[in-house]
Amino acid sequence: AKFLDCKPSGVHCLLCSSTEPGHLESKDHRKTAKLWHDLSERLSTLCLELWRIRPATEEELLRRRPGLVNAWRGELWQALKGSPAAENKKVLSCFWQRVVLASLDFDSRELESFLGLEAALQQALALSKAPEPSEQEALSGRFPAEKPKDMAETAKEEAAAAAAVAALEKLLDGDKLRSKDSEHGINVAVAALRKVRKCLSVVSPVQRLSWCEKAWAEVRRGEAAVREQCMRPALAASLQHFLQEHGLSRCAKLLTCQDWQLEGLTERIRAGTEEVKWVLQSLPKRCRQQLEQAWPKAPPLISLAAAPAGWEVVLSQGVGLHYFRRLKPDGRSDPWGQTQWRSPAEVFKENLPLEAPAELDEGLPRGRPISSSVPYVELDTTTGEPICLLCSQRGLEHFASHGHCLARSCWAKVQNCLSELEEELRLQASTPSTASAAIMSAMAEVWLDEIRSTAMGQAVPTLQAACEAQVRRVFWHLLLVPWVTKPARSLLEVQQALDAALTSAWASEPRWQALTLRLPPLPKPGQDLPMPGGTELKLTASTPPEVFDLLSAQCLQNEGIVAQAGGALWCTFCETPVLCLHSHLGRPSQEATQHWAAKESATVLIQQLRSSGWKLRREGLRFSKFGYSCGLCNSSGKWRSVFDHQRSERHTEACRSLSQSSDFAVATAAKHNSAVQEEEKAAWAKAFSDTEVRR
């Protein structure tokens, strides 16, 4: 052993500066000698590193390389100095002088080649691993010789190495490293790397055994795979932040897919390598253009050992890879702190899809779908009237109105945008690909997000904005839900679903003349319209409040007061909530005076409706829940404003356009109205008469 000197006075241990008899058998010496062996193992690792970069040709091995020895001298010093054993300065100094400097002659030109350097390092390794004799052997000059390996031992080492390499190869070719529990996968890979390195450490760096080339190739591949997984969270966070800044969040899941190697992805995309060429070409056109414009500004994705706040990077001496260790709260290093292989960098949450349109209104009139018809037209199962979900209106007259034509043009606009997208998607889905299932699924998610974005459109503040928003909402819920909100496995699956939706969207409106129409239900007095009448209340402000609270529901209904869903009272004459019956009905209070005036005007309007209200349906006007809606103008309001709307210029123009229209809906409506005119007129009068009789 190079740390021992034999002198007449006894054996001198340079590590412990001791010549005492029996020192070599002491516990303190064995502890210090272990530090020497640790430095020897570190030197062995460096010899393996030299083997990794060893040229394959003899010419390159013999070629003179000035400065090679000086460079490796610095590498050796930094590596040995960074070892835990180097904390003992006496051991480090002895090892450096007796092993490294004794082997590397820096003035020799022979060492300026790989072959010479290998020989020098092999000599240094042999010196560091020289067996330590007993004290008697050292004094007698008889030193133990290293036993040469026999063929059986060599075969055993080769078999162990082959098994370790096979295990590492199986791990790298599997999915354990890319699984959700990747920290466990990294630990398994590191253990496999240690086994292979241990097998390589028993081989001389200057030997060329048949299995060494493959072993080193697997070690390099394994180290790259582990390094990729360790730094993947940090790389993914950097990439996602960049994509988010440039409005490309929809591509984050695809570009950070587990089947991608993130390190160097920026350069591979810029270079247009075959690995990423198909992915770029298969993106939606708008998305691809945005990516091409933004990608030159993308940051380089390099696995730098950078630790986030509160963590530090530590080099594993046994594996040669970096891991992360949590610092103390005051920022100092903590030898016992939490450790992990993967970077603790926070990854952005997966890009959430655009917020889906609100559900269709519960009060929206619904019926049953009509076969072979566009889905926004449904049929009332009671009256046979068509219902328009685009405008929330019913009646044949509505389908010939200007408002419905506007909604129909918005529907066609959504169709055209999605049809262009479907043609592009059809081309991409028919292109053969060898991409993995994970990448195909992520690509399908990009297309689904593009479909969602196209279907929902951009909010443009125009007069048609409200109409277009309603049309897009109906289109979304009738044709795109549920498949557009669920994950897809392939582009073909998305294309087929979109094609089926567009096929339904392109259907025409039903043949109006083929519909079987019946008399629609009339507005119900007391539910859709107020009904003034009954005995006039003889109550005044001097009447005790308890009397007002005892009034029956029928008496309150005669005064236009009804109970709402939550139990609160509402006056349909005044169109205000009733907080106190005594104040609202007891004369001569100001609130009661306003109520009686509103009742008188309501009575006049009800009498007008009784005589001519049956005509309003022919102009698209209907009553429901003390309000009216106009199917020609796509507007609504309070019931007492119905005649004001009827006399308005907008409604007058809509009626004029309806009378001049040649639409089949108008002709069918006119024929039906003529057939049920007398019946409807009588039914309208009877509805008001029956209400008065009940009172």
Side-chain angles (χ1 to χ4, degrees), residues 361-363 365 520-617 621-630 635-648 681 683-695:
D361 297 335
E362 294 182 357
L522 304 181
K524 298 178 181 179
Q527 296 182 20
D528 299 322
L529 290 171
M531 183 53 66
T535 305
E536 184 177 352
L537 294 177
K538 303 297 184 180
L539 303 178
T540 64
S542 61
T543 305
E546 294 81 3
V547 176
F548 288 91
D549 294 335
L550 294 175
L551 292 174
S552 65
Q554 185 63 56
C555 290
L556 293 177
Q557 189 174 1
N558 291 342
E559 298 301 324
I561 298 176
V562 295
Q564 294 181 310
L569 298 179
W570 177 267
C571 181
T572 58
F573 296 157
C574 305
E575 297 176 344
T576 59
V578 179
L579 303 179
C580 177
L581 289 173
H582 180 265
S583 301
H584 196 77
L585 298 177
R587 296 174 179 177
S589 68
Q590 182 178 0
E591 185 176 344
T593 302
Q594 293 175 350
H595 171 77
W596 298 112
K599 180 178 179 180
E600 290 180 5
S601 65
T603 302
V604 174
L605 287 173
I606 290 297
Q607 293 301 323
Q608 187 177 357
L609 288 173
R610 181 178 183 177
S611 60
S612 60
W614 61 274
K615 301 177 182 179
L616 296 178
R617 185 182 63 80
L621 293 166
R622 297 168 184 268
F623 294 97
S624 176
K625 297 180 180 180
F626 304 104
Y628 81 89
S629 63
C630 179
S635 61
S636 59
K638 299 176 181 179
W639 73 273
R640 61 170 60 249
S641 304
V642 64
F643 288 112
D644 294 335
H645 175 76
Q646 186 187 31
R647 291 188 293 269
S648 67
K681 183 178 180 180
W684 190 278
K686 185 176 183 299
F688 284 84
S689 300
D690 290 346
T691 303
E692 292 179 355
V693 170
R694 285 196 298 272
R695 295 184 180 213

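Values reported hereafter were calculated over all heavy atoms of this structure, with side chains retained and with hydrogens, waters and symmetry mates removed.
Taking OG of Ser583 as the reference point, atom CZ of Phe548 lies at 9.0 Å (rounded to 0.5 Å). Summarising the geometry, atom NZ belonging to Lys681 is positioned 9.5 Å from atom OG belonging to Ser611; distances are rounded to the nearest 0.5 Å. A distance of 10.0 Å separates CG in Leu556 from NE2 in His584, rounded to the nearest 0.5 Å.
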Practice task
Apply side-chain contact (heavy atoms from CB on, under 4.5 Å) to the pair Ile561 and Leu585, showing each step before the final yes or no.
Solution key: CA-CA 10 Å; Ile561 298 176; Leu585 298 177; 4.1 Å; yes
Handout entry: Verdict with reasoning, Trp639 to Ile606, per side-chain contact (heavy atoms from CB on, under 4.5 Å)
Key = CA-CA 10 Å; Trp639 73 273; Ile606 290 297; 4.0 Å; yes
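Heavy atoms of other residues, nucleotides or ligands lying less than 6.0 angstrom from CD of Gln564 number more than 12.
Using a distance-only test at 3.5 Å, with no hydrogens or angles considered, a donor-acceptor pair links the side chain of Arg640 to the main chain of Phe573. Checked by atom type and distance alone, the side chain of Ser635 never pairs as donor or acceptor with a backbone atom of Cys630 at under 3.5 Å. Not one N or O on the side chain of Ser612 forms a donor-acceptor pair closer than 3.5 Å with the backbone of Leu609.
In this structure, Leu605 and Phe643 approach most closely via the heavy-atom pair CD2-CD1, 3.9 Å. Between Glu559 and Cys571, the shortest heavy-atom contact is O-SG, 4.2 Å. Between Tyr628 and Lys638, the shortest heavy-atom distance links the atoms CD2-O, 3.1 Å. Closest non-hydrogen pair, Asp528 versus Ser624, comes out as OD1-CA, 3.6 Å.
Side-chain contact between Glu591 and His595 is absent, with no heavy-atom pair separated by less than 4.5 Å.
Ring geometry, Trp684 versus Phe623: the interplanar angle falls from 30° to 60°, so the pair is classed tilted.
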